[in-house]
Each structure stands twice: as C-alpha cells, then as structure tokens.
Q: 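First the structure, then my questions, so here it is.
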Amino acid sequence: MENITIKLTRDNFDFRFKQYEGMFFNATLDKESEIIKYKITKDEAGLGLKEFGNTHIKDNMIYIPQLEAYIDLNIAP
C-alpha cells in the first residue's frame, strides 16, 4: 500500500471547479485492488474533510472525479 497526497493548485491543474483549489487529494493505493478510496481535505494531514469517495487507476494514472481529469502517478506534483 502506498499513500499519496496531491495538492490541487492552479499551477498544476486547469480547474473547472474553483472550490477545490488549494485542497489536498489523499488516496491509498493498493496494487491488488482496482478501487481506490480517496478523500479531499482542507489540510495536508487529511483532517479537514471536504469530500470522499472511490476512484480508479488506468494506465498508471489516477482519476480525480472532481477535476474530471487523470493524473499521471509518475509525475504527480
């Protein structure tokens, strides 16, 4: 299992929904599962919960539903 945290900034992403700018996308990747549980939080520690749900990985890219975008895990900020 691997934990990832991605800061959602305007510098890195073209936002359709400004309410996610400055938030953090936290997920735990399990190579044995196709379903990834995630949460979007107000802080890097993952305590100020804004949203949560399930997503998936496709070709080493994780889908973030709120941004309607895939993010390459090899170059994730």
Side-chain angles (χ1 to χ4, degrees):
M1 286 193 186
E2 176 185 358
N3 293 324
I4 62 166
T5 300
I6 301 170
K7 185 169 185 179
L8 306 175
T9 65
R10 187 172 294 262
D11 296 337
N12 298 325
F13 304 104
D14 180 22
F15 279 90
R16 293 185 181 193
F17 307 105
K18 290 184 181 182
Q19 69 264 29
Y20 298 107
E21 186 174 0
M23 301 272 176
F24 293 87
F25 177 85
N26 301 284
T28 302
L29 306 179
D30 183 358
K31 301 291 183 187
E32 297 178 14
S33 176
E34 294 180 14
I35 298 171
I36 306 299
K37 294 184 186 292
Y38 74 89
K39 58 185 175 179
I40 295 179
T41 61
K42 297 176 184 177
D43 58 353
E44 191 170 5
L47 302 176
L49 184 65
K50 180 164 175 76
E51 292 189 28
F52 65 94
N54 295 326
T55 190
H56 63 279
I57 292 180
K58 179 180 179 182
D59 299 327
N60 204 42
M61 296 185 357
I62 192 165
Y63 183 68
I64 300 179
Q66 287 74 11
L67 303 180
E68 297 179 1
Y70 283 92
I71 296 175
D72 191 341
L73 292 174
N74 292 327
I75 60 171

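Numbers here are sequence positions counted from 1.
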Q: For residues 31-52, which residue pairs pass the ring pair (Phe, Tyr, Trp, His ring centres under 6.0 Å) check, not counting sequence neighbours?
A: Phe25-Tyr38
Q: Do any pairs count as a side chain to side chain donor-acceptor pair (under 3.5 Å) and have a residue in residues 41-50, sequence neighbours left out, and if so which ones?
A: Asn26-Thr41
Q: Holding to side chain to side chain contact (heavy atoms under 4.5 Å, CB included), I want the full list of residues that pass it with Glu2, two or more places apart in sequence or in another chain.
A: Ile4, Leu29
Q: For Ser33, give me all partners under side-chain hydrogen bond (donor to acceptor under 3.5 Å, both in side chains), at least two apart in sequence or on another chain.
A: none
Q: Apply the side chain to side chain contact (heavy atoms under 4.5 Å, CB included) test between Tyr20 and each candidate in Thr9, Ile40, Ile64; give the one that qualifies.
A: Ile40
Q: For Tyr70, check side-chain hydrogen bond (donor to acceptor under 3.5 Å, both in side chains) against everything at least two apart and list the hits.
A: His56
Q: Going by the rule side chain to side chain contact (heavy atoms under 4.5 Å, CB included), which residues pair with Asp59 if we only count those two or more places apart in sequence or in a different chain?
A: none
Q: Using 0.5 Å steps for rounding, measure from the CG atom of Leu49 to the NZ atom of Lys39.
A: 7.0 Å
Q: Once you round to the nearest 0.5 Å, how far does NZ of Lys37 lie from CG of Asn54?
A: 4.5 Å
Q: If I take atom CD1 from residue Ile71 and atom CD1 from residue Ile6, how far apart are they, to the nearest 0.5 angstrom?
A: 4.5 Å
Q: Quick one: do Met61 and Leu8 end up in the same hydrophobic cluster if we chain Ile, Leu, Val, Met, Phe, Trp and Tyr together by side-chain heavy atoms under 4.5 Å apart?
A: no
